[in-house]
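First the structure, in the form of structure tokens, and then the observations on it.
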Amino acid sequence: MSEEASGRKDLAAVRGTRDILPGEVEKWQALEGLARATFELYGFRELRAPVFEPTELFEKGTGSTSDVVVKEMYTFTDKGGRSLTLRPEYTPSVVRAIIEHRLDLEGAPMRYYYMGPMFRYDKPQKGRYRQFHQIDIEVFGEKDAAVDAEIIEMAHALLGRLGVEGTETLVNSVGCRAGRPAYSAALREAAKGRLSDLCADCQRKAETNPLRIFDCKIETCREIAAAFPSIQDFLCAECRDHFARLLACLDVLKIPYRVDPRLVRGLDYYTKTTFEIVSSGLGAQNALLGGGRYDDMMKDFGGPDVCGTGFAMGIERVLSVAEIAGPVRKILYVAYLGEEAMKAGLELARFFRANGVECLIEYKDRGMKGHFGRANKLQAARVLIVGPDEMAKGRFGLKDMATGKQVDGSREEILALLLEK
RNA sequence: GUGGGUGUAGCUCAACGGUUAGAGCAUCGGACUGUGGAUCCGAAGGUUGGGGGUUCGAUUCCCCUCACUCACCCCA
């Protein structure tokens, strides 16, 4: 049966992955270029880490109770018997690299960015894939809430350059390890008091993750949850000051935001600041980017006590709402007549390419009409005409396909014309 | 992992349970052997996602499976 099966389906890209084809890939390149240019303005440098890491890295970093680690990792055993995992997120890798190379001792600003694929075994839907791509930025060693505001502003700057509109910035503080357990307990207590009035889903959340009751869409649950204690009341003095300073700096940078006490985020390691930028142009998966502060991870890894803060931006999601276009290509199509002219055209193509002109020659014998039809099909900007007559004179034709105007000249004269616009 | 929707040519879509599954666009060839977009003619392209069942007969009805898609969950 399997040998009879249609090859086409069997060889399709696996579930949750997809090809990015010419025509679309130019948008990716444009986005990546704008991201690099923007981050470099803020003093960030690229840091490339491996696509897979020891499974333990994510268990300790991302958190062994997070959904990502519990049920979404691509984990496998290699031939040496090691348990490895295709990274579901990037932050633990950067932290590992800093410790491994003692980058904290170099004195350079620890501002890093990276873009590449991440892997999570989720059920695919709009804006959610099993191999997806993130742009990730991290800053280490800056305790001041000002840097949290700075990276949020940097995210805005990038989204602005990408033509993304209709976004909202949500910020919150989840406190530190001192205050958070107390808040969870208080929330659980409050939920127990109204348990019978909550929906079945929320009754379950009351046990497993009381913070998520705030996310329920049922009206009665929302009303009940509105009366629950706010995390703001459980922050220690230091966390409260940190959060106030974040908001003050966002005001200085003129970043509009909304404080959302429900914004907890699913990764275990966040402390103090959490934030998210959401878009109205997406479906249920509406977060364009999310991040926050993680002051304990480095220490928990057995490294120096260096704090961190950063965010991850989903490339697929941003592209679906971005207004960017790839560069306009101005292809020069080489039209020739006959074998000798083909060889002359081949050499002319080499010459023009060596001088920076995108040039296309195809090895199919066509008449002049056929060549022009093909050039038109390819949306070539110009056609170079090489025939026996041209070769005899050493002067070739150059036709502008948009205007229909045609001139002739030596190859140097034509090159000059090609380069001037 | 749980639900709903959808799978017919490269793309967008037709076809009451009944002959050889069609159309537009795209592709290729010709009209047209030194100058494009047009027009006309023609060709090629399908195990109707896959498997099983009901039926004299299934693209159509039923079941399973796979994929896509939307939502839950979670997150980028």
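Every chain is numbered from 1 and lettered A, B, ... according to where its sequence line falls, protein lines coming before strand lines.
- At a threshold of 4.0 angstrom between heavy atoms, the contacts of A/Arg120 include nucleobase atoms, whether or not backbone atoms are also involved.
- For A/Glu316 and B/A76, the CD to P distance is 13 Å, given to the nearest whole Å.
- Distance CG (A/Leu31) to C1' (B/A76): 13 Å, rounded to an integer number of Å.
- For the contact set between residues 122-132 of chain A and RNA chain B, defined by any heavy atom under 4.0 Å, the members are A/Asp122, A/Lys123, A/Gln125, A/Lys126, A/Gly127, A/Arg128, A/Tyr129, A/Phe132.
- In this view, A/Asp389 satisfies the side chain to side chain contact (heavy atoms under 4.5 Å, CB included) rule with no residue, not counting sequence neighbours.
- A/Thr167 and A/Ser279 share no side-chain donor-acceptor pair at under 3.5 Å.
- Looking at A/Thr91 and A/Glu138, their side chains do bring a donor and an acceptor atom within 3.5 Å of each other.
- Heavy atoms of A/Ile135 sit nowhere under 4.0 angstrom from any nucleic acid atom.
- Note on A/Lys399: a base of the nucleic acid sits closer than 4.0 angstrom, heavy atoms only.
- To the nearest angstrom, P of B/U39 lies 13 Å from CG of A/Asn376.
- Only the C1' atoms considered, B/U59 is 12 Å distant from B/G49, to the nearest whole Å.
- In this structure, CZ of A/Phe275 is placed 11 Å from P of B/A76, rounded to the nearest angstrom.
- Using a 4.0 Å cut-off, some side-chain N or O of A/Arg15 falls inside it from OP1 or OP2 of B/C68.
- At a cut-off of 3.5 Å, with distance as the only test, a side-chain donor of A/Tyr42 or A/Glu153 sits close to an acceptor on the other residue.
- Here A/Gly338 lies out of heavy-atom contact (under 4.0 Å) with every strand.
- Nucleotides B/A43 and B/U6 place their C1' atoms 33 Å apart, quoted to the nearest Å.
- With rounding to whole Å, A/Glu72 atom CD is found 11 Å from B/A76 atom C1'.
- Both A/Ile315 and A/Lys405 sit near RNA chain B, but only A/Lys405 has its closest nucleotide nearer the 5' end.
- Donor-acceptor pairing under 3.5 Å, judged by distance alone, is absent between the side chain of A/Gln379 and the base of B/G37.
- For A/Ser93 and A/Arg87, the side-chain atoms include no donor-acceptor pair closer than 3.5 Å.
- At a non-hydrogen distance threshold of 4.0 Å, nothing from residues 156-166 of chain A comes into contact with RNA chain B.
- Donor-acceptor pairing under 3.5 Å is lacking for the side chains of A/His242 and A/Ser173.
- Near RNA chain B, defined here as any heavy-atom distance below 4.0 Å, the residues from residues 363-372 of chain A are A/Lys364, A/Met368, A/Lys369, A/Phe372, listed numerically.
- Screening residues 157-204 of chain A for ring pair (Phe, Tyr, Trp, His ring centres under 6.0 Å), with sequence neighbours left out, gives A/Tyr183-A/Phe234.
- Within the nucleic acid shown, A/Ala312 comes within 4.0 Å of sugar-phosphate atoms alone, with no base atom in reach, counting heavy atoms only.
- The separation between A/Ile137 atom CD1 and B/A76 atom C1' is 14 Å, rounded to whole Å.
- Between atom CG of residue A/Asn172 and atom OG1 of residue A/Thr273 there is a gap of 9.0 Å, rounded to the nearest 0.5 Å.
- Using bins of under 30°, 30° to 60° and over 60° for the plane-to-plane angle, the ring pair A/Phe39/A/Tyr113 lands in the tilted bin.
- Considering only residues two or more places apart in sequence or on other chains, A/Tyr121 meets the side chain to side chain contact (heavy atoms under 4.5 Å, CB included) condition with A/Tyr74, A/Arg130.
- Residue contacts for A/Gln406: at a heavy-atom cut-off of 4.0 Å it reaches a base atom on one of the strands shown.
- With sequence neighbours left out, the side chain to side chain contact (heavy atoms under 4.5 Å, CB included) criterion links A/Glu100 to A/Arg96.
- Within the nucleic acid shown, A/Leu337 comes within 4.0 Å of at least one base atom, counting heavy atoms only.
- The ring pair (Phe, Tyr, Trp, His ring centres under 6.0 Å) contacts involving residues 374-409 of chain A comprise nothing, where partners must be two or more places apart or lie in separate chains.
- Here ring pair (Phe, Tyr, Trp, His ring centres under 6.0 Å) pairs that include residues 344-390 of chain A, with residues two or more places apart or in two chains, are A/Tyr333-A/His371, A/Tyr336-A/His371.
- Among the nucleotides B/C73, B/A26, B/A76, the one closest to the side chain of A/Lys377 is B/A26.
- Within the 4.0 angstrom heavy-atom criterion, base atoms lie near A/Gly404.
- When rounded to the nearest whole Å, the span between CZ of A/Arg374 and C1' of B/C32 equals 19 Å.
- When the side chain to side chain contact (heavy atoms under 4.5 Å, CB included) test is applied to A/Lys343, the partners found at least two apart in sequence or on another chain are A/Glu339, A/Glu340.
- When distances are taken from the side chain of A/Ala284 to each of B/C72, B/C73, B/G34, the shortest belongs to B/C72.
- With sequence neighbours left out, A/Gln131 forms a side-chain hydrogen bond (donor to acceptor under 3.5 Å, both in side chains) with A/His133.
- Note on A/Asp389: a base of the nucleic acid sits closer than 4.0 angstrom, heavy atoms only.
- Heavy-atom nearest nucleotides on RNA chain B were determined for A/Leu282 and for A/Met313, and the one closer to the 5' end corresponds to A/Leu282.
- Put simply, CG on A/Leu21 is 13 Å from C1' on B/G10, counting in whole angstrom units.
- Under the ring pair (Phe, Tyr, Trp, His ring centres under 6.0 Å) rule, A/Tyr90 has a single partner from A/Tyr114, A/Phe58, A/Phe132, which is A/Tyr114.
- B/A67 and B/A15 have their P atoms separated by 28 Å, with the value rounded to a whole Å.
- Base-pairing analysis of RNA chain B finds the following stems of at least three consecutive Watson-Crick or G-U pairs, with both pairing distances under 3.5 Å: B:1-7 with B:66-72, B:10-13 with B:22-25, B:27-31 with B:39-43, B:49-53 with B:61-65.
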